[in-house]
*Asks:* 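Below: one structure in structure tokens.
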Amino acid sequence: MSAARSKPAPIKAARIKHWLMKSEPDTFSIDDLQARGSEPWDGVRNYQARNFMRDGMRVGDGVFFYHSNCAEPGIVGLAEVASEAYPDPSQFDPKSDYFDPGASRVNPRWVLVDVAFVRKLKRTITLKELQALPSLAEMALVRKGNRLSVMPVTAAEWKTILDLE
DNA sequence: GCCAACGTTGGC
DNA sequence: GCCAACGTTGGC
């Protein structure tokens with residue numbers, strides 16, 4: 001009986017364990033997150049971003065906290081995913097800016113995760129310097145016109161960026 | 001299912 | 001404040 005030929009191990013893409021989440025500092029800054037310790041990341045109303053939270057994120061994943069729509073856009077701190085995804089309560093609240101009349105408690109449309117403060121960076125790693133790095137050219141963040149507020153970060157990108165600090 | 005109109009994001 | 005890029009909506 002001939003020995004079964006051993007099959008090559010299937011190439012499995014490593015699960016993304018790092019993310020980048022944008023926030024406008026005028027609305028909710030890294031200092032706000034530090035003061036609160038953790039925060040339900042409500043108000044995401046983009047399907048792709050929702051799917052990253054719902055399907056991709058696991059408790060303990062690393063998060064770059066990014067300040068957008070401000071004088072110096074860039075990564076300002078580290079956070080981590082602190083809960084599994086669960087329905088975003090603001091979608092049910094008619095008084096909320098994030099109210100969605102198409103969502104119901106039986107059929108929620110939007111989810112969130114809790115995000116916990118880890119630490120502030122020693123300095124802001126600016127969008128400008130990230131854009132200048134050839135090794136980050138594939139990152140969604142630096143692609144023209146990107147508007148995703150929640151996006152995956154590869155392990156290599158995570159390390160490259162942290163090494164800039 | 002197409003696509004124009006519209007609203008939003010976010011860098012500058 | 002401007003405006004390019006993008007996602008969503010709705011008429012057809």
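Letters go in sequence order (proteins before strands), and every chain restarts at 1. Bear in mind the structure is a predicted one, so any value in this text is a computation, not a measurement.
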*Asks:* A:E39: what forms a side-chain hydrogen bond (donor to acceptor under 3.5 Å, both in side chains) with it, not counting sequence neighbours?
*Replies:*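 Once residues adjacent in sequence are excluded, the partners of A:E39 under the side-chain hydrogen bond (donor to acceptor under 3.5 Å, both in side chains) criterion are A:R36.
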
*Asks:* Going by side-chain hydrogen bond (donor to acceptor under 3.5 Å, both in side chains), name the residues that satisfy it together with A:S135, two or more places apart in sequence or in a different chain.
*Replies:*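 For A:S135, no residue satisfies side-chain hydrogen bond (donor to acceptor under 3.5 Å, both in side chains) once neighbours in sequence are set aside.
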
*Asks:* I'd like to check the side-chain hydrogen bond (donor to acceptor under 3.5 Å, both in side chains) partners of A:E138; sequence neighbours left out, ordered by chain and number.
*Replies:*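 A:R143.
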
*Asks:* Polar-atom pairs under 3.5 Å, protein N or O versus N or O of nucleotides 10-12 of chain B: list them with distances, or write none.
*Replies:*
from   : atom 1 : to     : atom 2 : distance (Å)
B:dG10 : OP1    : A:K22  : NZ     : 3.0
B:dG10 : OP1    : A:R147 : O      : 2.9
B:dG11 : OP1    : A:Y66  : OH     : 2.7
B:dG11 : OP2    : A:N69  : N      : 2.8

*Asks:* With the threshold set at under 4.0 Å for non-hydrogen atoms, list the residues of residues 86-100 of chain A touching DNA chain C in residue-number order.
*Replies:* none

*Asks:* Whole-Å distance between C:dT8 C1' and A:R109 CZ?
*Replies:*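 Taking CZ of A:R109 and C1' of C:dT8, I get 11 Å after rounding.
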
*Asks:* Using a 4.5 Å cut-off between side-chain heavy atoms of Ile, Leu, Val, Met, Phe, Trp and Tyr, which other residues end up in the same hydrophobic cluster as A:Y86?
*Replies:*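 When side chains under 4.5 Å apart are linked, the cluster holding A:Y86 also contains A:L112.
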
*Asks:* Taking only residues at least two apart or on different chains, which pairs with a member in residues 122-135 of chain A satisfy salt bridge (Lys or Arg N to Asp or Glu O under 4.0 Å)?
*Replies:* A:R123-A:E129

*Asks:* Dump every N/O contact between nucleotides 1-6 of chain B and the protein below 3.5 Å, one line per pair.
*Replies:*
none

*Asks:* Among all residues two or more places apart in sequence or in another chain, which pass the side-chain contact (heavy atoms from CB on, under 4.5 Å) test with A:R45?
*Replies:*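 By the side-chain contact (heavy atoms from CB on, under 4.5 Å) rule, A:R45 matches A:D88, A:S90, A:Q91, A:Y98, A:W110.
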
*Asks:* Hey, can you tell me if A:W41 and A:F65 have their rings parallel, tilted or perpendicular (30° and 60° cut-offs)?
*Replies:*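 Rings of A:W41 and A:F65: perpendicular, over 60°.
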
*Asks:* Who pairs with A:N69 by side-chain hydrogen bond (donor to acceptor under 3.5 Å, both in side chains), at least two apart in sequence or on another chain?
*Replies:* A:E24

*Asks:* Sequence neighbours left out, what passes ring-ring contact (aromatic ring centres under 6.0 Å, His included) with A:Y66? Give chain and number order.
*Replies:* none

*Asks:* Would you mind reading off the distance between A:Q48 atom CD and C:dT8 atom C1', rounded to a whole angstrom?
*Replies:*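 About 14 Å, once rounded to whole Å.
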
*Asks:* For A:R105, enumerate each residue passing the side-chain contact (heavy atoms from CB on, under 4.5 Å) test, keeping only those at least two apart in sequence or located in another chain.
*Replies:* A:F92

